[in-house]
Amino acid sequence: MVDLKALTASVGELDEEKVLEVLGSFVATNPSEEDAQQVVAACQSGMAIVGDLYEKGEYFVGDLIFAGELLTNAINTLKPVLGSANTASAGSIVLGTVAGDLHDIGKNIFKSMCEAAGFTVYDLGIDQPAGAFIDKVKEVKPNIIGMSGVLTLALEAMKDTVDAIKEAGLRDSVKIIIGGNPVTKEACAQIGADAFTTNAAEGVKICQGWVK
Amino acid sequence: MSDNTLKNERDQLFTDLMKGIKPKRVPVTAGISIEAALEKVGYSVKRDQYSPQKCYEAAEEMARRFDTDTLPTVPSTQAAVFRYIDQKFMQPGADGFFQHPNIAPLETEEYPEFSKDPFEFIVNKIQPRVFGILQEEPVLGHLKIKIARDVVASKFAGMGVKLAEQYQRSTAQTTCNLLWAPFDFIADYIRSFSTIMIDVKRNPQWVLDACEAVLQYEIEQIKITPKRGAIPTISYPLHMAPFMKTKDVEKFWWPTFKKLMIATQEAGFIPAIHYEQNWDPHLDLINDIPTPAIITFEASDQKLVAQKVSTNFVWRSMYPAVLLKTGTKQQCIDEAKRTLDNVAGGGNYIFSTNKGAIRGSDVKDENLQAVIEFVKEYGKY
């Protein structure tokens, strides 16, 4: 069996070569699904370390992007031994960049960190009108809606989206978090979201608090 | 013949600064984009950014409203060119406002070929992937792009000079070109923001080689840039370093940037360096660039800048623009006083907001007007 603590540390250090080497050897031993799930959990704990180091200012956005890539690679390596059994999801999030805004770097970082924390994320993509959020919410009944944007104009689109969600009678069934460069406490209150963040790691913690 | 007394006085503020002489007062500038100007006068960005006449009218109205020492809005936009050549890097949203999507037209394994000759590679491989017009017309497309650029430039030609004279604004500092730190060029136009962060980890030597190759490519561009104005500048909007660890910045980002700044100065230009986002973690690096240079900060801490960055540079900006949208007139003035107290003492400071207004609603007119008048008075040396 893998040294889980060492694996967690390697993910935290973003040592991709070492992580993939350990996972490759592990997969070659034809392990049980249960063991494989423990290894996934160890990788996810490593991502939590990455998030903490980012919040402390030791890691930067570039490190978060690479961490997301590393985790995707790790899970792909483990896929043959993970089996078809669905693991318990921490919760579900419908995520998108709002209408009029084509930016997705921050959204994608948040997405990969949420997935690393065990959330199921339904990513709508960029420039998404309120109707797209509403259709997806009706379809998958998520715990959380995440709206992202970089332009100041995005704040207006976020407000329009929340208003439309209210009109559709869906507001009470979800928590809403907004993220991106222009979001502030004041904007959050005006938009009618439940939380805001400009920090992906903090955003994940807020979402975890909601689904406890 | 118009009397240019006021314009000359304003020019003097900037030329003094560049000579290391304390000017009569802090020069005041404001950056209101053409899109913001169009919206402020009630025009549609979607339609009217393609009309040089409407752009001129909007820029003129900004000059009327805001008595800054340089034009608040320069009547010029490349929107028609982006649209005509179907530039994948600059795509309009539903309201017509152009944005820069995160795309990577260079495949990982193409790095060595790119680094061998960036110019060849950009023209023959990158541009056909990102300029829609070249997909339809691989040969004549390049000519059409050139013609489109010339036609658009000719439509706006002379407008800025005319406005500056009419409204007596300084033209001492002239932006002669806009270039990029080599690492940023690769991130913004070749590999995308996200992908280059992965390249740094997986293929570090390829990234280093590409930075060196882009450096040479940009030095060639500096050499063919026409020099204009009393203070000819080349503008460098910096992008990626605030998203990287200092250790990575020092290894991948900084060395070729520093060489580029020196090459800019050796060619007789002043670098106008825009330290975008928050540079606080890397502020210690900044004094490593030789002077003269005009340096702008977007999100760095004013006091930290004053403490760490050499006063041999001309500092610019640092006033928090968001306040002009959300604050009261008095709050805006109080903040202007705080800013001048923090960063104007050395006599090496040009007032402007930390971010330009890019949409009409970004700035309340009365707030900006009050701040301009306050800085002109309180900023007297």
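Per chain, numbering begins at 1; letters A, B, ... match sequence-line order.
Among residue pairs with one or both ends in residues 49-66 of chain A, those qualifying as salt bridge (charged side-chain N to carboxylate O under 4.0 Å, His left out) are A:D52-A:K205, A:E55-A:K205, A:D63-B:K201, A:D63-B:K245; sequence neighbours excluded.
Within the 4.5 angstrom heavy-atom criterion, only side-chain atoms of B:K355, from C-beta onward, approach chain A. Contacts of B:P242 with chain A are made by backbone atoms alone, with heavy-atom separations under 4.5 Å and no side-chain atom involved. Contact annotation for A:L64: neither backbone nor side-chain heavy atoms come within less than 4.5 Å of a heavy atom of chain B.
Applying a 4.5 Å heavy-atom cutoff, the residues of residues 177-204 of chain A that approach chain B are A:N181. Within residues 105-136 of chain A, the residues having any heavy atom less than 4.5 Å from a heavy atom of chain B are, in residue-number order, A:I105. Contacts with chain A (heavy atom to heavy atom, under 4.5 Å) involve these residues of residues 181-195 of chain B, listed by number: B:F193, B:S194.
Sparse packing is recorded around CD of A:E17, with 12 or fewer heavy atoms of other residues, nucleotides or ligands lying under 6.0 Å away. Counted within 6.0 Å of NZ on B:K303, heavy atoms from surrounding residues, nucleotides or ligands total 12 or fewer; the atom is thus considered open. In B:K88, the NZ atom is crowded: over 12 heavy atoms of neighbouring residues, nucleotides or ligands sit closer than 6.0 Å. A 6.0 Å sphere centred on CZ of B:R129 holds more than 12 heavy atoms belonging to other residues, nucleotides or ligands.
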A:H103 and B:N102: side-chain contact (heavy atoms from CB on, under 4.5 Å), yes or no, with the steps? CA-CA 7 Å; A:H103 297 88; B:N102 187 39; over 6 Å; no
Between A:L153 and B:F97, does a side-chain contact (heavy atoms from CB on, under 4.5 Å) hold up when you go through it step by step? CA-CA 10 Å; A:L153 189 85; B:F97 185 78; 5.8 Å; no
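The CZ atom of A:F60 sits 9.5 Å away from atom CG of B:D248, with the distance rounded to the nearest 0.5 Å. Taking OG1 of A:T152 as the reference point, atom CD1 of B:I358 lies at 5.5 Å (rounded to 0.5 Å).
Residues A:L102 and B:Q99 approach most closely at N-OE1, 2.7 Å, considering heavy atoms. Between B:S361 and A:E156 the shortest heavy-atom distance is OG-OE2, 4.2 Å.
Listed options A:L70, A:L14, A:L151, A:D104 were ranked by heavy-atom pairs under 4.5 angstrom with chain B; first place goes to A:L151.
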